[in-house]
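Beneath this line is the structure, given in structure tokens, with notes to follow.
All chains are named by letter (A, B, ...) in the order of the sequence lines, taking the proteins before the strands, and each is independently numbered beginning at 1. Heavy-atom basis, side chains included; hydrogens, waters and symmetry copies ignored.
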Number of protein chains: 2
Amino acid sequence: MVTLAEVAQHAGVSASTVSYVLSGKRSISVNTRQRVERSIRELGYHPNAGARALASSRSNIIALMVPLRTDMYVPVMMEIAIAVATTARAHGYDVLLLTGEEGPDAVRRVAGSGLADGMILMDVELDDERLPLLRETDRPAVLIGLPADTAGLTCVDLDFKATGALCVEHLAQRGHRDIAVIGEAPAVYERHTGFAERTLDGLRGRARELGLGLLHRPCEGGYDAMAVTLARILDERPGTTGFVVQNESAVEPLLALLRQQGRAVPEDVSVVAICPEQVAVQASVRLTSVAIPAQEMGRLAVEQLVAKLDGRGGDEVVLIAPELTLRASSGPAPAR
Amino acid sequence: MVTLAEVAQHAGVSASTVSYVLSGKRSISVNTRQRVERSIRELGYHPNAGARALASSRSNIIALMVPLRTDMYVPVMMEIAIAVATTARAHGYDVLLLTGEEGPDAVRRVAGSGLADGMILMDVELDDERLPLLRETDRPAVLIGLPADTAGLTCVDLDFKATGALCVEHLAQRGHRDIAVIGEAPAVYERHTGFAERTLDGLRGRARELGLGLLHRPCEGGYDAMAVTLARILDERPGTTGFVVQNESAVEPLLALLRQQGRAVPEDVSVVAICPEQVAVQASVRLTSVAIPAQEMGRLAVEQLVAKLDGRGGDEVVLIAPELTLRASSGPAPAR
DNA sequence: GAGGGCTGTCGAAGCGCTTCGACAATCTCT
DNA sequence: AGAGATTGTCGAAGCGCTTCGACAGCCCTC
């Protein structure tokens, strides 16, 4: 392993000079800089991460805590994770992947050991048990998702409340009066995942304001579950003509079942999805949808975190405005 | 931040003793051990990762390189990544998430800086450009996937060749004579991803042995692409009664299209999928399938790597035997 | 009961880097 | 021309840990 000292010797300067060339924290003559850079290249030098972390108490690593469960939105999670990793690299950081398995202890361990300089938490619950730990730690953190109490925290998320409202408005404008919401799996609501509840808030609030009927039903993914859920909905509210779906794995089953029952989309019923772009365009009917901007969420989270690590910027809640894209699955409500 | 020295003082022993309590590398009297452990707990001590890495030249981190692209098998990737992370933690390692973005340089950087003790590479191509670097590095590595030349490498993968053979056999046994293979996106073959080609090998080899017709067509996911592909296949080989699908995002479109054309599954045509269990059971027809054992692959990869890090075990190719699960999508070929 | 082997503990060296203060050399004013 | 500021470089200290050799005390054994 090549060390700083060897580079220094090779370039005929002192170790500290090499260090300053690397960090740019003191000015170095062009001549010296070039000599050093040349030595670095020729020797194939890579600074030792451990030594660097020890001396500077900065690891240049950020921890990303992903949920262990895979009961929802896996592609979204993956996309976020990848966006986090690439953005982090662009800022000179590496990413440590933590699963929820360890639970809150992971926060303690990572903060305590100086393994990471900061962390990004995904899949935040309204009253997340990791938050107290996060608050008492001095390590900066950014949440992807919104807990109930955001005091002292930096959060990044799609504005799910506005998303809900937007979906309702879209259907209302087209004359739909009875709307059904196919939600996430019941478990998602039971653990009070912020985004699901906030979407519901937005949906309900807007529906009330506009005087629409709104029926919300959680739904596991898959055909069987969707069949049961749909039957119940149509039984309870036969006049339903608008659907809002917030569950990737219910989208296709819903479309298939509607087709099977002879309900044409969008002639008889309209469907609006809250899902990644890709799902919307690959579905059997191209879906009018509000996209979940996974990449942007990941990127923003890292940028917020890096800002905090650099001592810039404080606690902030960054909500991304939803955008509804009109596709083939929604249209005017049928005449009654 | 609490340090080793503070723990030592609190417990009334020397720093080295605390270190030995932690590592277990020398025997310590029960009495002393307990005092030290108590101090550690009371002070909330966490060893500093950087210092540890520097002194021991072991970071207790393994790097996981995931592909940047998301043109295939995202849920599988995610599942593997999570399995890697959890298994690694069980062995005392953390996981560093690298994307393919950096390319081969990432290997150099991680190995050179001592950031990670070893690495796991996913999405291996037959002639992967990271392999030469890997071979010249002294850091142990494990591949998930199989390159063309496995000399000096440890690899873990599903036996895709056997998987292909198994699918053909299954259909042959049920009397199907003409089989079509819906493959991954063309790009996957273009970059010579090992698993796709090996599956094809297995399919073709077995089909030849059994005297069956086999038509392979790469296919982008989604309805439109699938529609085009299917039309071409049926045009070229109208007698096709068996389908093998190796592309998650083509599964549902295929089923929908067949239904739409009045071809019943499994009465008129049989479908066998190579996909994660979840996709197979959630599809609109429960699919006879060979599961991709993502969790096991992740777990095995970590275990192989840890073994190498411990100086146990050498280079090995671990192939997981495929298992075909019979579900509702395959049956006897219709009488001609 | 002297010699040899264990056990349990300690002190010190050092891992490879960052960073602070010092200082010589050079430049910029009046 | 001399004081003062600026620039570029160096040496040394120290980050918190692991690990090696040393050694005191103990238990056996012949």
(Q) Please classify the nucleic acid contact of B/Thr3 as base, sugar-phosphate, or nothing, using heavy-atom distances under 4.0 Å. (A) sugar-phosphate
Q: Classify the nucleic acid contact of B/Ile28 as base, sugar-phosphate or nothing, counting any heavy atom under 4.0 Å across all strands shown.
A: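 Touches sugar-phosphate only.
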Q | Of B/Ser16 and B/Ser56, the one whose closest DNA chain C nucleotide lies more 5' | A | B/Ser16
(Q) Here's a test of your reading of the structure: between B/Ala55 and B/Arg26, which maps to the more 5' nucleotide of DNA chain C? (A)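 Closer to the 5' end of DNA chain C: B/Arg26.
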Under the 3.5 angstrom rule, does the side chain of [X] hit a backbone N or O of [Y] as a donor-acceptor pair?
X: A/Asp117; Y: A/Asn60; result: yes
X: B/Thr99; Y: A/Ala85; result: no
X: A/Thr86; Y: A/Ala83; result: yes
X: B/Thr150; Y: B/Leu153; result: no

Q. Using a distance-only test with no angle check, is there a side-chain donor-acceptor pair under 3.5 angstrom linking B/Ser19 and B/Ser16?
A.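 On atom types as modelled, these side chains do not qualify, holding no pair under 3.5 Å.
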Q | All pairs passing salt bridge (Lys or Arg N to Asp or Glu O under 4.0 Å) where residues 20-36 of chain B contributes a residue, at least two apart | A | none
Q. Can you pull the contact range of chain A along DNA chain C, 5' to 3', using atoms under 4.0 angstrom from its heavy atoms?
A. C/dG16 to C/dA22
